[in-house]
Amino acid sequence: MKKVGWLHLSDMHISAKHLYNQRVVHDALLHDIEDMLSTKGAQIDMVFFTGDVSQTAAVEDYEASLEFVLKLLEKVKVDKSNLFIVPGN
């Protein structure tokens, strides 16, 4: 039986206004995930992103959220077809 690995992120509240500070945290998270994949033998087949993706419904916040999600998928080598987004509370 094949094991399936998944990553679940929730309530990121990404905000274009606070992107500089959030990028510090996001980059650290991506680094930790990369480390887990390369040194611990972990595998991620699917990504679940639930809760509040952006801080507001502003286009800029959704654009910043999309930028983070695409960067995450690239780092973990997961196709968009294995991304599941469940927005809201």
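One is the number of the first residue; the rest follow in order along the sequence. All figures in this text were calculated on a predicted structure; none of them were measured in a lab. Atoms considered below: every heavy atom in the structure, side chains included; atoms not considered: hydrogens, waters and symmetry mates.
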Can you tell me how far apart CD (Glu60) and OG (Ser65) are? Round to the nearest 0.5 Å.
11.5 Å

So, Gln22 side chain and Ala16 main chain: donor-acceptor pair closer than 3.5 Å or not?
no

In the single-linkage hydrophobic clustering (I, L, V, M, F, W, Y; side-chain heavy atoms under 4.5 Å), do Phe68 and Trp6 co-cluster?
no

Would you find a donor on one side and an acceptor on the other, under 3.5 Å apart, between the side chain of Asp52 and the backbone of Asp11?
no

Measuring from atom CG of Leu7 to atom CG of Leu83, what distance do you get when rounded to the nearest 0.5 angstrom?
10.0 Å

Distance col, row Phe49:CZ vs Met12:CE, nearest 0.5 angstrom, shows 5.0 Å

His18 NE2 to His13 NE2 distance, which is reported to the nearest 0.5 Å:
12.0 Å

Close side-chain approach of Val76 and Ile33, heavy atoms under 4.5 Å
yes

Out of curiosity, Gln43 CD to Lys77 NZ, how far, rounded to the nearest 0.5 Å?
13.0 Å

As an exercise, state the distance from NE2 of His26 to CD of Glu67, rounded to the nearest 0.5 Å.
10.0 Å

Under a 4.0 Å N-O cut-off, is there an ion pair linking Lys75 with Asp27?
no

Tell me which one of Leu66, Asp61, Thr56, Leu19 satisfies side-chain contact (heavy atoms from CB on, under 4.5 Å) with Ile14.
Leu19

side-chain contact (heavy atoms from CB on, under 4.5 Å) partner of Val47, chosen from Leu73, Val69, Asp79:
Leu73

Using the rule side-chain contact (heavy atoms from CB on, under 4.5 Å), only one of Val78, Leu9, Ile44 pairs with Leu72; which is it?
Leu9

Using 30° and 60° as the class limits, which term best fits the ring planes of Phe84 and Phe48: parallel, tilted or perpendicular?
parallel

